[in-house]
Amino acid sequence: VFGLSSVAQVVLGRGDFGQHLSVNLGFGIGVTLGIHAAGGISGAHLNAAITLTHCIFGNLPWRKLPAYLIGQFLGSFTAAATVFGLYYDALYNYTKGNFTVTGPTATASIFSTYPAPYVSLPGAFFTEFTATVMLFLGIQIIHDEKNNGALKGTQALLTGILVLGIGLGMGMNTGYAINPSRDLPPRVFTAIAGWGMEVFTAGHHWWWVPLTAPILGSLAGALIYKLFIDFHNQPVLESGNEKGQAVVETS
């Protein structure tokens, strides 16, 4: 809700109610609050790529994967519907009732990511892959109590700042989806709500890239972290083991 509504203000306000920075801040704040809301209950799995990576590496039981994915999909889909309702009048005023994916009054990018016109499909894929590598590495580092982990209670804020940093540095090419759960459900919503099936064909059928590139990027980030950081960590004292367990599932 925070992220999509910040994009809506920038687009529908024609630059008078925010810029690129405000979009990044909106997503960073949303991630921070999402982790605070669900961190103690479920580990705050907000990203399907990271959830799947934790399952592959044995940090999360596979039987929990469907519940996490369904929760992520419903949360993101509901957020898109909420922002659509919140800004329906502004959408209608901006587009004169003609909801389009491309063109001078395109509004589909409020809800899902689309590549910039100058970016090739391989270049866009590499952007999403690299950004997700940095996301996963950052999350692991923040929660690594065997290394130089964040102070207790600051992990959510630092993860939000991490997302902000990714947006500030790697958001120009593709809008930094870095999360299948953030991109696909709103895209499905826009297909239903009036933008049509063009949301799946625009950008050379771009829709599959925010699904696959973040998964591969998350797996690559996990391998890099294991090889260059985790294997070199010093053993923790027995008394510290219990404390470390609480953050294993946090994403």
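What you see is a predicted model; the values in this text were computed from it and never measured.
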Novice: Using the rule that Ile, Leu, Val, Met, Phe, Trp and Tyr join whenever any side-chain heavy atoms are under 4.5 Å apart, tell me whether Val83 and Leu74 fall into a single cluster.
Specialist: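 Per the 4.5 Å side-chain linkage, Val83 and Leu74 are not co-clustered.
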Novice: Please walk me through it: do Ile166 and Leu135 pass side chain to side chain contact (heavy atoms under 4.5 Å, CB included)?
Specialist: CA-CA 8 Å; Ile166 291 171; Leu135 175 69; 3.7 Å; yes
Novice: Looking at Thr113 and Gly175, what are the two nearest heavy atoms and their distance?
Specialist: CG2-O, 3.7 Å
Novice: Do the ring centers of Phe84 and Phe189 come within less than 6.0 Å of each other?
Specialist: yes
Novice: Would you say the side-chain atoms of Ser181 and Asn47 include a donor-acceptor pair closer than 3.5 Å?
Specialist: no
Novice: So, do His205 and Phe200 sit near enough that their side-chain heavy atoms are less than 4.5 Å apart?
Specialist: no
Novice: Indicate yes or no: at least one non-hydrogen side-chain atom of Phe99 is less than 4.5 angstrom from one of Thr190.
Specialist: no
Novice: Above 12 or not: heavy atoms from other molecules or residues under 6.0 Å from NE2 of His232?
Specialist: yes
Novice: Assess whether atom CZ of Phe126 is packed by more than 12 heavy atoms of other residues, nucleotides or ligands within 6.0 Å.
Specialist: no
Novice: Shared ILVMFWY cluster between Ile178 and Leu164, side chains joined below 4.5 angstrom?
Specialist: no
Novice: Would you kindly confirm whether Ile192 and Tyr87 end up in one hydrophobic cluster when ILVMFWY residues are joined by side chain heavy atoms under 4.5 Å apart?
Specialist: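 Yes, because Ile192 and Tyr87 connect within a single hydrophobic cluster, where side-chain heavy atoms sit under 4.5 Å apart.
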Novice: First locate atom CG of Asn173, then atom OG1 of Thr130, and finally report the distance between them rounded to the nearest 0.5 Å.
Specialist: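 Reported to 0.5 Å precision, the distance equals 10.0 Å.
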Novice: Determine whether the side chains of Thr51 and Gln72 contain a donor N or O and an acceptor N or O closer than 3.5 Å.
Specialist: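 The answer is yes; a qualifying pair exists.
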Novice: Specify whether Trp208 and Phe125 have parallel, tilted or perpendicular ring planes, treating 30° as the upper limit for parallel and 60° as the lower limit for perpendicular.
Specialist: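 Ring orientation, 0 to 90° scale: tilted.
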Novice: Specify the closest pair of heavy atoms between Ile110 and Leu4, including all atoms of both residues, with the distance to one decimal.
Specialist: O-CD2, 3.5 Å
Novice: Which heavy atom of Thr154 sits nearest to which heavy atom of Ala150, and what is that distance?
Specialist: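 For Thr154 and Ala150, the tightest heavy-atom pair comes out as OG1-CB, 3.5 Å.
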Novice: Kindly compute the distance separating CG (Leu184) from CG (Leu69), expressed to the nearest 0.5 Å.
Specialist: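 If we round to the nearest 0.5 Å, Leu184:CG and Leu69:CG are 11.0 Å apart.
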Novice: Leu227, Leu137: one ILVMFWY side-chain cluster at the under-4.5 Å cut-off?
Specialist: yes
Novice: For residues Phe2 and Leu33, determine if any side-chain heavy atom of one lies less than 4.5 Å from a side-chain heavy atom of the other.
Specialist: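 Yes, side chains in contact.
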Novice: Measure the shortest side-chain to side-chain distance between Leu65 and Leu60 over non-hydrogen atoms and say whether it is less than 4.5 angstrom.
Specialist: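 No. Closest side-chain heavy atoms not under 4.5 Å.
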Novice: Taking atom CD1 of Ile224 and atom NZ of Lys226, what is their separation to the nearest 0.5 Å?
Specialist: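 Taking CD1 in Ile224 and NZ in Lys226, the distance rounds to 14.0 Å.
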Novice: Does Trp195 CH2 have over 12 foreign heavy atoms under 6.0 Å away?
Specialist: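 Counting other residues, nucleotides and ligands, CH2 of Trp195 exceeds 12 neighbours.
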Novice: Have Trp206 and Thr201 got a donor and an acceptor in their side chains that come within less than 3.5 Å?
Specialist: no
Novice: Please step through side chain to side chain contact (heavy atoms under 4.5 Å, CB included) for the pair Gln155 and His143, ending with a clear verdict.
Specialist: CA-CA 7 Å; Gln155 294 95 336; His143 292 91; 3.5 Å; yes
Novice: Indicate the atoms forming the closest heavy-atom contact of Phe111 with Arg182, along with that distance.
Specialist: O-NH1, 3.0 Å
Novice: Let me see the working for Phe136 and Leu223 under side chain to side chain contact (heavy atoms under 4.5 Å, CB included), right down to the final yes or no.
Specialist: CA-CA 10 Å; Phe136 191 91; Leu223 289 172; over 6 Å; no
Novice: Do side-chain atoms of Ser112 reach the backbone of Ser109 as a donor and acceptor pair under 3.5 angstrom?
Specialist: no
Novice: In Å and rounded to the nearest 0.5 Å, what is the CD1 to CD1 distance from Ile161 to Ile142?
Specialist: 8.5 Å
Novice: Side chain to side chain contact (heavy atoms under 4.5 Å, CB included) with Ser218: which of Asn179, Val133, Thr53?
Specialist: Thr53
Novice: Is it possible for you to say whether Ile229 and Ile50 belong to one hydrophobic cluster, with membership spreading through side-chain heavy-atom contacts below 4.5 Å?
Specialist: yes
Novice: Do Leu12 and Thr107 have side-chain heavy atoms sitting under 4.5 Å apart?
Specialist: yes
Novice: Give the minimum heavy-atom separation between Ala220 and Phe129, together with the two atoms involved.
Specialist: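 Where Ala220 meets Phe129 most closely, the heavy atoms are CB-CZ, 3.6 Å.
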Novice: Could you tell me whether a side-chain N or O of Glu128 sits under 3.5 Å from a main-chain N or O of Ala124, the two making a donor and an acceptor?
Specialist: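 Side chain of Glu128 to backbone of Ala124, a donor-acceptor pair under 3.5 Å: no, none is there.
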Novice: With heavy-atom distances below 4.5 Å as the criterion, would you say the side chains of Pro210 and Pro180 are in contact?
Specialist: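 Side-chain contact under 4.5 Å: no.
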Novice: Please find the pair of heavy atoms, one from Gly13 and one from Phe17, that lie closest to each other, and give the distance.
Specialist: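 Where Gly13 meets Phe17 most closely, the heavy atoms are CA-CD1, 3.8 Å.
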Novice: Looking at CD1 of Ile35 and CG of Leu157, how far apart are the two atoms once the value is rounded to the nearest 0.5 Å?
Specialist: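 Separation between the atoms: 9.5 Å.
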Novice: Cation over ring, Arg187 on Tyr114, under 6.0 Å and within 45°?
Specialist: yes
Novice: Would you call Phe27 and Tyr176 a side-chain contact if the rule is heavy atoms closer than 4.5 Å?
Specialist: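 Contact flag for Phe27/Tyr176 side chains = yes.
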Novice: Just how far is it from atom OG of Ser6 to atom NE2 of His20, taken to the nearest 0.5 Å?
Specialist: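 If we round to the nearest 0.5 Å, Ser6:OG and His20:NE2 are 10.5 Å apart.
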Novice: Does Phe57, at its CZ atom, have more than 12 non-hydrogen atoms belonging to other residues, nucleotides or ligands within less than 6.0 Å?
Specialist: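 Enclosed: over 12 neighbouring heavy atoms sit under 6.0 Å from CZ of Phe57.
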Novice: Does some side-chain heavy atom of Asn147 sit less than 4.5 Å from a side-chain heavy atom of Ile141?
Specialist: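 No, side chains not in contact.
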Novice: Are Thr100 and Glu198 close enough, and set up right, to give a side chain to side chain contact (heavy atoms under 4.5 Å, CB included), and what steps lead you there?
Specialist: CA-CA 9 Å; Thr100 58; Glu198 190 183 351; 5.9 Å; no
Novice: Is a side-chain donor or acceptor of Tyr68 paired with a backbone partner of Ser42 at a separation under 3.5 angstrom?
Specialist: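 It does hold such a pair.
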Novice: When you look at CZ of Phe77, are more than 12 heavy atoms from neighbouring residues, nucleotides or ligands closer to it than 6.0 Å?
Specialist: yes
